[in-house]
Protein chains: 2
Amino acid sequence: MRTTLDPVLASRLRMSVMRLGRRLRQQRADDNLTASQIAALATLDREGALPLGELAAREHVRPPSMTRITAALEERGLVARTPHATDGRQVLFSVTREGAKLLADDRKRRDVWLCELMARLDPGEQEILRQAAPILERLATER
Amino acid sequence: MRTTLDPVLASRLRMSVMRLGRRLRQQRADDNLTASQIAALATLDREGALPLGELAAREHVRPPSMTRITAALEERGLVARTPHATDGRQVLFSVTREGAKLLADDRKRRDVWLCELMARLDPGEQEILRQAAPILERLATER
DNA sequence: TATTGTTATACTCTATAACTATA
DNA sequence: TATAGTTATAGAGTATAACAATA
């Protein structure tokens, strides 16, 4: 068993992860939402209700742009706004039941696609991925 | 050893792969190229010289848009155009030495970032990723 | 006459600047 | 006076339509 870190492994892992990620993204349903709208919706789903400015910051977008993004999402009933409890200037945005359903359907779609691909692997290979998943998860969230 | 395919594994793998891919993308150098320009450059690098229409198709972009993208890349000396050998209407685009260098530097950057993260894993975990890499590669390229 | 690529023009998305309201 | 969000306007980027050159 070797312990020194192999730059070729990093490079290979980078390539395969980015390619697979790209293909997973391609499996998204065409729901007429822009990439920014989907991203904002997913962030609200992941982080819970956020004021507009905070959401804009997380999405690396300016507040006026986020105003338009949330307006589009609100018009489609995917997010809802609630006033801030103590600060009347702030507006909190959160995902509606429909918004959550849209995201869930989308994830489901990609899961099915990936599941079908993985079904072609032999049991030993599946087992390796089972062990690899939590490690990749840590790499993705660390620091 | 189980052989039935586990949807939870697919879901977990999807999440970790997409997140890690997202973070890898964030490591890109800020070279003032747009995402479309980088993508087109990388495609030419991967696939070799292509006529404009073909490149537009692979990037899911219309020919007029690709005309502008290649014009920007050409102006920065990252791609070059050569006439088609037999068909005078077609224009073949290919990556220049500078273009290849820019891509290589960019990949290097991400490799270093990933390598540093992976160095924190213990040898057993590194070994699992070593075995997982070619499997992910196959998933990414299959069908 | 059909096809490849470019130019002209319109639309979408995001940013900066100016404004309204609340603290 | 400072901050959160919106509205007005301008700047990228992409698309459709019309055009030029070649097959």
Side-chain angles (χ1 to χ4, degrees), chain A residues 22 25-26 28 30-44 47-76 78-96 99 102, chain B residues 22 25-26 28-44 47-76 78-96 99:
Chain A
R22 202 175 306 144
R25 248 175 291 129
Q26 290 168 352
R28 280 192 16 69
D30 184 16
D31 40 27
N32 293 321
L33 292 181
T34 67
S36 309
Q37 288 166 8
I38 284 283
L41 188 62
T43 294
L44 285 179
E47 318 237 348
L50 290 174
L52 184 136
E54 187 62 32
L55 181 57
R58 310 232 179 169
E59 292 299 319
H60 300 103
V61 150
R62 302 297 171 184
S65 304
M66 190 49 75
T67 293
R68 302 200 59 168
I69 292 170
T70 51
L73 291 172
E74 198 179 7
E75 195 177 3
R76 299 191 48 168
L78 303 174
V79 304
R81 58 174 69 210
T82 53
H84 192 282
T86 61
D87 188 340
R89 296 169 303 179
Q90 296 189 37
V91 191
L92 289 169
F93 286 92
S94 55
V95 175
T96 62
L102 184 146
Chain B
R22 204 175 305 145
R25 248 175 290 132
Q26 289 168 352
R28 280 190 17 70
D30 183 16
D31 40 26
N32 292 322
L33 292 181
T34 67
S36 309
Q37 289 165 8
I38 284 283
L41 189 61
T43 295
L44 286 178
E47 317 237 350
L50 290 174
L52 184 134
E54 187 61 33
L55 181 56
R58 310 232 179 172
E59 293 300 319
H60 299 103
V61 150
R62 302 295 171 187
S65 305
M66 189 49 75
T67 293
R68 302 196 62 169
I69 292 170
T70 50
L73 291 172
E74 198 178 7
E75 194 177 2
R76 299 190 49 168
L78 303 174
V79 305
R81 57 173 71 208
T82 53
H84 192 282
T86 61
D87 188 340
R89 295 169 304 179
Q90 296 189 36
V91 191
L92 289 168
F93 286 92
S94 55
V95 175
T96 62

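Every value quoted in this text rests on a predicted model; they were computed, and no experiment measured them.
Within residues 78-94 of chain A, the residues that place at least one heavy atom under 4.0 Å from DNA chain C are, in residue-number order, A:T86, A:D87, A:G88, A:R89.
Annotation: of the two residues near DNA chain C, A:T34 and B:P63, the 5′-most nearest-nucleotide partner is B:P63.
By the 6.0 Å contact criterion, CZ on A:R62 is open, its count of non-hydrogen atoms from other residues, nucleotides or ligands being 12 or less. The number of heavy-atom neighbours closer than 6.0 Å to CZ of A:R25, taken from other residues, nucleotides and ligands shown, is above 12.
When each of D:dT14, D:dT16, D:dG13 is scored by its nearest atom to the side-chain atoms of B:R62, the top-ranked nucleotide is D:dT16.
In this structure, the side chains of A:I38 and A:D31 come closer than 4.5 Å at one or more pairs of heavy atoms. Between B:V79 and B:R81 the shortest side-chain heavy-atom distance does not fall below 4.5 Å. Residues B:R76 and B:L33 are in side-chain contact: their nearest non-hydrogen atoms beyond the backbone lie under 4.5 Å apart. Put simply, the side chain of B:L41 does not reach to within 4.5 Å of the side chain of B:T43, judged on heavy atoms.
Atoms CZ (A:R68) and C1' (D:dT9) sit 11 Å apart, rounded to a whole Å. Rounded to a whole Å, the CD atom of A:E59 is 15 Å from the P atom of D:dG5.
Here chain A contacts DNA chain C (any atom closer than 4.0 Å to a heavy atom, that is under 4.0 Å), and the contacts span C:dC13 to C:dA23 from 5' to 3'.
Taking each heavy atom of A:I69 and A:A40 in turn, the nearest pair found is CG2-CB, 4.0 Å.
In this structure, A:T67 does not reach the D:dG5 phosphate: none of its side-chain N or O atoms is under 4.0 Å from OP1 or OP2.
Here OG1 of A:T70 is found 12.0 Å from CG of A:L50. Values are rounded to the nearest 0.5 Å.
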